[in-house]
Amino acid sequence: MRALVVTAVGAESDSVLTGLTPHPDSPGPDPRTLPGGYLITRRDLPGIAFDVVVGGVGPAAAAAGTATALALAEYGLVVSAGIGGGFAPAAPVGSLVVADAIVAADLGAQTPDGFVDVASLGFGRSVHLPPAELAARAAEATGALLAPVLTVSTVTGTADGAAALTARHPMAGAEAMEGFGVAEAAAAHELPVLEIRAVSNAVGPRDRAAWRIGDALAALAEGFRVLGPVLANWGERHEQHRGRN
């Protein structure tokens with residue numbers, strides 16, 4: 001199977017590639033540039049090949065970068081990966097969250113009665129569901145929390161904002177800015193999607209001194225070190241199932 005991993009920035013891509021490179025002395029091919037300037041790097045593991053692309057920050061950029069890569073090669077799985085904010089206490093700094101739902105948390109309308117999501121407005125969908133078995137296996141293998149991951153266009157930076165998100169999504173584990181965009185592009189190509197986030201900070205008042213980006217990037221690398229075999233095994237069984245149908 002061939003999987004596409006989409007990150008927002010180069011530092012996240014580097015961490016993913018570190019996890020997917022079992023022999024650092026022979027890392028594999030150098031990055032190449034796709035139309036639109038997207039950098040993509042390949043890593044081959046037993047039973048699975050990964051292309052890791054830097055898609056840009058935010059859901060629109062992530063959707064465009066993902067769609068560009070998907071138009072140029074055939075894939076069996078798309079993964080949105082990177083760092084993000086964790087909802088305390090379930091997802092502490094340095095931990096991992098694997099999405100059992102990828103939620104567009106601020107796509108919709110504000111009304112006198114509160115926020116109404118885009119699906120309730122009748123203008124599309126607001127949730128993508130990763131394959132349940134795959135998400136559960138990925139969470140188990142990496143020691144991650146299995147929970148909804150929220151996609152926001154504006155990162156939460158206040159206690160009131162965090163409280164509002166928690167009220168609407170009480171089971172949420174993390175927030176980030178790209179997952180739903182990646183998922184929309186994957187859905188357009190009828191491909192399954194997964195999202196994994198390493199927690200760099202708590203969702204709430206913006207306090208850059210408390211961020212632990214280095215710890216989160218290290219956790220992301222370690223997560224992908226163990227994810228390779230899990231995704232390869234799932235991909236083999238998924239393709240066998242498709243072949244029988």
Side-chain angles (χ1 to χ4, degrees), residues 6 8 55-67 78-93 95-132 135-136 139 144-208 210-211 216:
V6 186
V57 175
T66 304
V78 181
V79 183
S80 176
I83 65 175
F87 286 90
V93 171
S95 68
L96 295 172
V97 180
V98 169
D100 61 6
I102 301 170
V103 182
D106 61 1
L107 182 62
Q110 292 289 352
T111 76
D113 296 322
F115 178 80
V116 180
D117 65 49
V118 69
S120 298
L121 292 171
F123 296 136
R125 58 194 157 200
S126 57
V127 179
H128 287 277
L129 298 177
L145 173 69
L146 182 64
V149 175
L150 310 183
T151 300
V152 294
S153 296
T154 302
V155 171
T156 304
T158 66
D160 287 347
L165 275 184
T166 301
R168 295 203 303 269
H169 306 283
M171 302 303 293
E175 73 164 21
M177 300 179 72
E178 292 79 32
F180 192 81
V182 172
E184 280 284 281
H189 287 259
E190 300 183 333
L191 291 172
V193 66
L194 186 69
E195 183 170 11
I196 181 168
R197 291 288 162 182
V199 177
S200 60
N201 57 278
V203 175
R206 187 173 176 85
D207 178 11
R208 297 198 64 172
W211 292 2

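Source: prediction; values computed, not measured. Position 1 is the first residue of the sequence, and the numbers go up from there.
Residues forming a side chain to side chain donor-acceptor pair (under 3.5 Å) with Ser153 (at least two apart in sequence, or on another chain): none. For the side chain to side chain contact (heavy atoms under 4.5 Å, CB included) test, residues two or more places apart in sequence or in another chain that qualify with Ala64 are Tyr38. Listed by chain and residue number, nothing satisfies the ring pair (Phe, Tyr, Trp, His ring centres under 6.0 Å) test with His169 (two or more places apart in sequence, or in another chain). Residues passing the side chain to side chain contact (heavy atoms under 4.5 Å, CB included) test with Pro131 are Leu134, Pro192, Trp234, sequence neighbours excluded. Legend: residues meeting side chain to side chain contact (heavy atoms under 4.5 Å, CB included) with Ala144, ordered by chain and number and at least two apart, are Leu96, Val98, Ala139, Thr142. Ala162 is linked by a side chain to side chain contact (heavy atoms under 4.5 Å, CB included) to Thr156, Val203, counting only residues two or more places apart in sequence or in another chain.
A pairwise comparison of heavy atoms in Ile83 and Ala216 identifies CG2-CB, 3.7 Å as the closest pair. Annotation for Leu145 and Ala91: closest pair CD2-CB, 4.1 Å, computed over non-hydrogen atoms. Residues Leu146 and Ala136 approach most closely at CD2-CA, 4.1 Å, considering heavy atoms. Counting all heavy atoms, side chain and backbone alike, Ala101 lies closest to Val127 at CB-CG1, 4.0 Å. Pro92 approaches Pro89 most closely through the heavy-atom pair CD-O, 3.8 Å. Scanning both residues, Gly179 and Ser80, for their nearest heavy atoms gives CA-OG, 3.5 Å.
Put simply, the side chain of Leu194 does not reach to within 4.5 Å of the side chain of Val78, judged on heavy atoms. Between Pro205 and Thr158, every side-chain heavy-atom pair lies at or beyond the 4.5 Å cut-off. By the 4.5 Å heavy-atom criterion applied to side chains, Phe87 and Leu150 are counted as neighbours. Under the 4.5 Å side-chain criterion, counting only non-hydrogen atoms from C-beta, Pro130 is in contact with Ile102. Between Val57 and Met177 the shortest side-chain heavy-atom distance falls below 4.5 Å.
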Query raised in the report: Could you go step by step and tell me if Asn201 and Val199 meet the side chain to side chain contact (heavy atoms under 4.5 Å, CB included) rule?
Result: CA-CA 6 Å; Asn201 57 278; Val199 177; 5.9 Å; no
Query - Candidate pair Asp100 and Leu129, rule side chain to side chain contact (heavy atoms under 4.5 Å, CB included), full reasoning - result: CA-CA 6 Å; Asp100 61 6; Leu129 298 177; over 6 Å; no
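Pairs engaging residues 121-130 under the salt bridge (Lys or Arg N to Asp or Glu O under 4.0 Å) rule: Arg125-Glu184 [sequence neighbours left out]. Residue pairs that meet the salt bridge (Lys or Arg N to Asp or Glu O under 4.0 Å) test with at least one member in residues 154-180, sequence neighbours left out, are Glu178-Arg197. Pairs passing the ring pair (Phe, Tyr, Trp, His ring centres under 6.0 Å) check and including a residue from residues 180-206, sequence neighbours excluded, read His128-Phe180. Applying the side chain to side chain donor-acceptor pair (under 3.5 Å) test to residues at least two apart or on different chains, the pairs with a partner in residues 113-122 are Asp117-Ser120.
A donor-acceptor pair is defined here as one N or O able to donate and one able to accept, closer than 3.5 Å; no such pair exists between the side chain of Thr66 and the backbone of Ala63.
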